[in-house]
There are 2 protein chains.
Amino acid sequence: MNGDRVPGGGPGRRPGAGPGGVPEGYDPYAFEPFAVTVDLAVLTLREERLHVLLVERGQEPYAGHWALPGGFVLPRESAERAARRELAEETGLSETTVAGLHLEQLRTYSEPDRDPRMRVVSVAFAALVPDAPEPRGGGDAAQARWMPYGTHGPLAFDHDRILADAHERVGAKLEYTCLATAFCPPEFTLGELRQVYETVWGVELDRPNFRRKVLATPGFVQAVEGPPRLTGGRGKPAALYRAGEATTLHPPLLRPEGRST
Amino acid sequence: MNGDRVPGGGPGRRPGAGPGGVPEGYDPYAFEPFAVTVDLAVLTLREERLHVLLVERGQEPYAGHWALPGGFVLPRESAERAARRELAEETGLSETTVAGLHLEQLRTYSEPDRDPRMRVVSVAFAALVPDAPEPRGGGDAAQARWMPYGTHGPLAFDHDRILADAHERVGAKLEYTCLATAFCPPEFTLGELRQVYETVWGVELDRPNFRRKVLATPGFVQAVEGPPRLTGGRGKPAALYRAGEATTLHPPLLRPEGRST
DNA sequence: CTCCTTAAGAGTCATGTTGACTATAAAGGT
DNA sequence: ACCTTTATAGTCAACATGACTCTTAAGGAG
């Protein structure tokens, strides 16, 4: 063991510092640095389908391919802050709006050759947005679009993997957390909430059973007092609810079969 | 948006590259680099208590404090490989043994000031080891020890947070995965498996109910044929089992109350 | 205006799972 | 022998779930 193997801390052993890795003063420029970026799997529901925010690459490598939005972590910000900043930039939403969105760190992708140009370590996030405004067409060449999940070709880099991991994570968290409300506007019907589960899981749920389960879970949703109904589509008007205090579901709301996707 | 905002990929915009972040050739030395490390929360069970592998820091900052083991990600390895390499170094286990251990990426900690010396982004892992050999006293000054979870003082850097996150993650995954067997040797009794749950969750579980649940879950454990019992302690000898094929538990084995820790 | 369609919401029923317990078996210790 | 400890076999009631049925309240077509 090393007297100053400072894991969460700064380096105590410089790569190539000699046999045994004797600690020496750390020189940040002594070896090729890592770039640290964030990648965002921004998910929303549109027309009963799961959509992802994608950007088209204008340059090599992967020119013409679609990719997840993302960017560099700046020297004085955390990965979370970088992710929220990028999210605001890409979606065109205000900083305050973005501050309220559900943003969840997925995992970090660090394979040495995931970017052919240099060593890039990327912290991936899943972001869940309710209504899905069209992304503002940034000032540059590439375009950004909401694409139905699965309809895009292969994504650039390892972004297919990241997106799949995001989908899996969100699907799993729907089972035992109140995360579904993150896809909904402030006030929503139980039908809309059920639509979240059905869309993400790719299954059909029994209406009455879903209703019973949700209402029986304390703090999942709370009824809105005012006008007890919502107009819009056909069928009987539905009561409105807000997200409740609870964050976890006990017992969970399990997916019909073993696993999906 | 940027024509080459290459998130999971290499930089397309260099910090400070000018208004609008016009893509230019990337110069890795143009700004202070990030160091990328791994931190390991190595957990095991000893004498019916959860133990953590800790190393004592010999240098400032946090000299004399205990810290999680860890180290640098080398230029040509992934964070996972770095974690496994460090795990082998710290525990003294062979590379092949370590290759079979459960290693799970927790999340990445990237607060700008988490290390006072420089910008360090750390990918944290939880490792679950069965028997807990004493860590080899490395060739250097600092010592490494198994410490009962919670008995150590405040850890260095943000390692208390990382360790708490590791505990929470492992506790949660016991509910809906077969992870508990990762704490057990190749052959184990149901009593030992129950001990894993009780120790990590800090609760007592009903013996017959636990047994019924585990045996009713297909693929969780499989009975060992040979000698149908194990010697050792007092009480009726228990049958031996191995870990089964299954990785997930449907339905889950929920903790008694809402949440713990 | 009437009928049809759609979705919300109330309620039923059989089944499966869980938590709480009781009882028996098989070891070691005194 | 007797007590303690742990494994293992059951029992039973409360609860949760999946599969349905039925009623209500809208919009749309004729």
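Each chain gets a letter, A, B and so on, in the order the sequences are listed, and its residues count up from 1.
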[N] [atom2] sits how many Å from [X] [atom1], rounded?
X: B:Glu175; N: C:dT17; atom1: CD; atom2: C1'; value: 16 Å
X: A:Glu192; N: C:dA7; atom1: CD; atom2: P; value: 13 Å
X: B:His250; N: C:dG16; atom1: NE2; atom2: P; value: 19 Å
X: A:Glu204; N: D:dC20; atom1: CD; atom2: P; value: 14 Å
X: B:Arg207; N: C:dA26; atom1: CZ; atom2: P; value: 17 Å
X: B:Gln195; N: D:dA7; atom1: CD; atom2: C1'; value: 15 Å
X: A:Leu193; N: C:dA8; atom1: CG; atom2: P; value: 12 Å

Exercise. So does B:Arg234 get a side-chain nitrogen or oxygen closer than 4.0 Å to the phosphate oxygens (OP1/OP2) of C:dA27?
Worked result: no
Looking at [options], which one has an atom nearest to any side-chain atom of [X]?
X: A:Ala238; options: C:dA25, C:dA27, C:dA8; result: C:dA8
X: B:Ala239; options: D:dT8, D:dA25, C:dA27; result: D:dT8
X: A:Lys236; options: C:dA8, C:dA27, C:dA25; result: C:dA8

Exercise. Do A:Leu128 and A:Thr44 touch side chain to side chain, with heavy atoms closer than 4.5 Å?
Worked result: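 Answer no - side chains too far apart.
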Problem set entry | Pairwise 5' ranking along DNA chain C for A:Tyr241 and B:Gly235, keeping only the more 5' one |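 Taking each residue's closest nucleotide, the earlier one in sequence belongs to A:Tyr241.
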Could you tell me whether a side-chain N or O of [X] sits under 3.5 Å from a main-chain N or O of [Y], the two making a donor and an acceptor?
X: A:Asp206; Y: A:Asn209; answer: yes
X: B:Gln105; Y: A:Thr108; answer: yes
X: B:Ser110; Y: A:Ala79; answer: yes
X: B:Glu86; Y: B:Ala83; answer: no

Problem set entry | Aromatic ring pairing B:Phe157/B:His159, orientation class (parallel under 30°, perpendicular over 60°, tilted between) | tilted
Problem set entry | Closest heavy-atom pair and its distance - A:Ala180, A:Leu193 | CB-CD1, 3.7 Å
Exercise. How does protein reach along nucleotides 9-19 of chain D, written 5' to 3' as B (base within reach of a heavy atom under 4.0 Å), S (only sugar-phosphate), or - (no contact)?
Worked result: BBB-----BBB
